[in-house]
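So the structure is just underneath, and the comments pick up after that.
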Amino acid sequence: MSVTEARVEKIGTDEATGYSSYRFGSFTFSRDEYFAHVSWPRGNHIIEIDRFLRAMVRDIGWGFFYGWIFFDDIFGTTNHYGTVDVFAGTYDRGCKEAGIDFLETYSAEAVSEAFETISKDWISEGYDPLNAPLETGSPIGPKGKERTDPLLRSFIAADRMLGLPGDKSVRTEEDGFGINRAFADMEFDQPDIECEPGFEGQLHAINLFDHIARSDITWNPSISAITRANICCVTSEEHMLPVIHGNDRNEWFIQLTDEIHWNIADKNSGAPRGRVVMKAGDVCAMPADIRHQGFAPKRSMLMVMENGTPGLEQRYASGELKPYPVKFEA
Ligand code: PHB
Ligand code: FE
């Protein structure tokens, strides 16, 4: 794999809208009031701007995640953990057959810098792509006032057991995190903690539902527990996952409340492989050879378990490991 040395460059600013265009390697990126335009040596593509920005800030915040992040069927990134492919049409049968697919590999740091520069320029005050569409403004129209709050809230990692002194990640009323409107009918009993003398400050318990119900963002798993490479994330979901995730390993979903509909397709061609409707209490493993996208008609709570073992992607890609975690014998 050859790595292209490239840094993002501004190539102009549109006087009518105020937005700038950028070159990054062989790609160029520009936006108008409604759309992002991406072009590369053999083709070009148009993506609705809300969709583009909601995908882009997550891709940066997640450090390009595990494997593939499709912004839509055509454009996206693949994480090689140090380097990142930016691709267009590489995993779309029509583009491949037409010979207009294109892929370039860069350092992860250069892609982060490029995507951050673009999203900072294209996002104005009043619109937060991490919020549910019903809870934020719209990105359409000309450039507005620059946002001053942090654009990227990435994976929010706990410093220690949620709620113990020193942890700042648990969400509380005092910190301005109210219970989301969708969870107003739930009860949030707090656990009783009886600690042996001498262990104060080391033992703790929280109501995890209370923590998730206070999330002001969606489709952004935050790490709530980690044991070596075993990563447990929780997230609140509403509307659609703004990316299509192509796995390079298994990941597990535990549906904690309400329901999420998942479209599952072949990772390479996008051919449909299944639909899963997960209801509260359901558990599923997403195989290592698929792409998937979730749809939550109503805000719901999801737990995502990831295996962060370095090099696992190569063991799946080589066929050493089967793409699914369990084989059920009939
Ligand atoms: C996933 O791609 O597996 C994923 C991403 C974000 C979420 C939930 C699941 O909030
Ligand atoms: Fe996924």
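Atoms within a ligand are numbered from 1 in the order they appear, just like the ligands themselves.
Distances from ligand 1 to the non-hydrogen atoms of Asn247 include no value under 4.0 Å. Heavy atoms of His292 approach ligand 1 to within less than 4.0 angstrom.
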Applying salt bridge (charged side-chain N to carboxylate O under 4.0 Å, His left out) to Asp92 and Lys96, what does each step give before you reach the verdict? CA-CA 6 Å; Asp92 176 79; Lys96 288 236 43 116; over 6 Å; no

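Counting atoms of ligand 1 from 1 in the listed order, those under 4.0 Å from a heavy atom of Asn220 are 10 (O). Ligand-side atoms of ligand 1 in range of His245: 1 (C), 2 (O), 3 (O), range being under 4.0 angstrom from any heavy atom. Each of the atoms 6 (C), 7 (C), 10 (O) of ligand 1 lies under 4.0 Å from some heavy atom of Pro221. Residue Phe65 approaches ligand 1 through these ligand atoms, each under 4.0 Å from one of its heavy atoms: 1 (C), 2 (O). Of all atoms in ligand 1, numbered sequentially from 1 with element shown, those under 4.0 Å from a heavy atom of Thr235 are 10 (O).
If you look at Glu251 and ask which of its N, O or S atoms sits nearest the Fe ion (ligand 2), the answer is OE2.
Summarising the geometry of Trp40 relative to Phe102, their closest heavy-atom pair is CD1-CB, 3.1 Å, with the distance given to 0.1 Å.
A ring-centre distance under 6.0 Å is not found for His37 and Phe29. Under the 6.0 Å cut-off for aromatic ring centres, Tyr106 and Phe24 qualify, their centroids lying closer than that.
In this structure, Glu306 does not pair ionically with Arg249, as no charged nitrogen and carboxylate oxygen lie closer than 4.0 Å.
Of all protein heavy atoms, the one closest to atom 3 (O) of ligand 1 is Glu251 OE2, 2.8 Å.
No hydrogens or angles considered: a donor-acceptor pair under 3.5 Å links the side chains of Asp50 and Tyr127. Under 3.5 Å, the side chains of Gln255 and Thr257 contain no donor-acceptor pair of N or O atoms.
Taking each of Thr218, Ile217, Leu241 in turn, the one with a heavy atom nearest to atom 4 (C) of ligand 1 proves to be Leu241.
Residue Glu237 has at least one N or O atom closer than 3.5 Å to an N or O atom of ligand 1. Ligand 1 has no N or O atom lying under 3.5 Å from any N or O atom of Trp62, backbone or side chain.
Angle NE2(His292) to the Fe ion (ligand 2) to ND1(His245): 110° [nearest 10 degrees].
For the side chain to side chain contact (heavy atoms under 4.5 Å, CB included) test with Glu238, the passing option among Ile260, Ile217, Thr218 is Thr218; the others fail.
Both cation-pi conditions hold for Arg31 and Tyr19: the charged atom is under 6.0 angstrom from the six-membered ring centre and inside a 45 degree cone around its axis.
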